[in-house]
Amino acid sequence: MQVAEISIIGVVAVLVLLAAAVVLFALIDKRLMLRVLRVFGVYAGGILVLGGSCWLVWRADAWWATLLFAVVYWLLGVVWCLSQMEGKWKTLLLPVGLSMLVGSVVAGGSLMLCLPRWAFIPVFGVVVTYLVKAVAQTLLTYRRSLLHTEAHRQYLLANGASVLESLMPSVRRSLRATILPQLRTMASPLVVMMPMLFAGMLLGCSSPVAAAVVSLLLMAAILAASVLAGVVALYCFKR
């Protein structure tokens with residue numbers, strides 16, 4: 001018995017396996033198990049909302065529905081990024097919002113030049129997800145670096161350095177903090193961690209060649225967009 005190419009028997013088997021794992025883990029650490037269940041429930045609810053939203057967009061099959069989805073998803077990304085920051089939202093709204101807008105437009109637009117129209121939603125979603133982490137990490141590292149290098153910056157300025165030269169160590173440190181996690185992801189052995197997009201495309205019955213090409217293009221676009229978004233965020237924050 002199947003529904004939309006998903007076996008009901010398989011779903012029941014997974015649910016039974018999950019229930020058994022919950023019972024076993026609860027016997028060992030009940031407190032942590034309750035937390036796991038809460039987080040999993042929130043995750044499942046988010047997936048259902050996201051799936052329903054994507055279904056409505058595809059059902060409408062109109063440019064305005066796709067644009068509305070992109071704007072709402074971008075706004076949610078900005079809000080989530082701001083929630084990870086230390087400080088007032090008023091001072092961070094411009095650097096976070098503008099950097100994520102520039103990064104998502106550049107990465108999403110360049111990818112859509114070589115992908116079909118129906119790929120916009122998953123591509124845009126992946127790009128925004130990466131940009132949220134990149135922008136938050138950039139600004140957090142930059143602010144902490146400025147705080148801990150105030151004396152050094154004043155020393156450089158007193159010895160004839162320009163404002164930009166005094167800020168460059170913090171800029172380099174923040175951009176490294178943005179790029180290094182992505183480099184670690186790309187450096188992970190593929191036999192240990194298969195790229196999620198590649199696996200998802202295979203599950204969606206795409207050819208292995210198309211899945212590999214799209215994965216490479218997406219990672220290249222995200223890397224470029226992360227650097228660009230980081231520079232825009234730092235410039236707006238400095239201003």
Side-chain angles (χ1 to χ4, degrees), residues 50-51 53-54 57-58 63 65-82 84 94-142 171-172 174-190 192-237:
L50 180 61
S53 303
C54 293
V57 171
W58 273 312
W63 66 269
T66 303
L67 179 61
L68 180 61
F69 176 88
V71 171
V72 172
Y73 205 83
W74 171 78
L75 286 174
L76 290 175
V78 171
V79 172
W80 181 255
C81 186
L82 289 171
Q84 308 301 304
L94 177 61
V96 170
L98 186 59
S99 60
M100 287 194 57
L101 178 62
V102 171
S104 58
V105 169
V106 170
S110 60
L111 286 170
M112 290 313 299
L113 292 176
C114 51
L115 295 175
R117 185 169 62 91
W118 57 263
F120 175 80
I121 290 179
V123 165
F124 189 81
V126 173
V127 169
V128 170
T129 300
Y130 272 88
L131 286 179
V132 167
K133 299 176 183 178
V135 172
Q137 189 62 47
T138 298
L139 291 178
L140 281 173
T141 305
Y142 186 65
V171 171
R172 294 192 190 97
S174 59
L175 290 179
R176 286 182 190 136
T178 302
I179 299 303
L180 285 177
Q182 298 186 33
L183 294 182
R184 294 191 191 100
T185 299
M186 289 187 287
S188 300
L190 298 181
V192 176
M193 185 181 68
M194 179 181 289
M196 294 300 295
L197 180 65
F198 182 83
M201 291 188 66
L202 292 181
L203 289 172
C205 300
S206 296
S207 70
V209 174
V213 171
V214 171
S215 298
L216 290 174
L217 289 174
L218 185 62
M219 187 55 67
I222 287 173
L223 188 62
S226 297
V227 174
L228 181 59
V231 172
V232 172
L234 292 176
Y235 178 80
C236 293
F237 184 79

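Judged by distance alone, with hydrogens and angles left aside, the side-chain atoms of T141 form no donor-acceptor pair with the main-chain N or O of T138 at under 3.5 Å.
Of all the heavy atoms in V127 and G103, the pair that sits closest is CG1-O, 4.3 Å. Of all heavy-atom pairs between V135 and C81, the closest is CG1-SG, 3.9 Å. Across all their heavy atoms, A107 and A221 have their closest contact at CB-O, 3.8 Å. Shortest non-hydrogen contact noted between W80 and V132 is CD1-CG1, 3.5 Å. Taking both residues in full, the closest heavy atoms of F124 and S104 are given as CE1-CB, 3.8 Å, listed atom of the first, atom of the second, then distance.
The CG atom of L131 lies 8.0 Å from the OG atom of S99; values are rounded to the nearest 0.5 Å. Separation of atoms CD (Q137) and CG (L175) is listed at 11.5 Å; rounding is to 0.5 Å. Going from atom CH2 of W58 over to atom CD1 of I121 covers 5.0 Å, rounded to the nearest 0.5 Å. Expressed to the nearest 0.5 Å, how far CG of L68 lies from OH of Y73 amounts to 14.5 Å.
A 4.5 Å side-chain heavy-atom check between T178 and V227 finds every atom pair outside the cut-off. Side-chain contact between V96 and F237 is absent, with no heavy atoms from C-beta onward closer than 4.5 Å. No side-chain heavy atom of V232 sits less than 4.5 Å from a side-chain heavy atom of P95. When side chains are defined from C-beta on, S174 does not count as touching L139, because their heavy atoms never get closer than 4.5 Å.
The side-chain hydrogen bond (donor to acceptor under 3.5 Å, both in side chains) contacts involving residues 119-134 comprise nothing, where partners must be two or more places apart or lie in separate chains.
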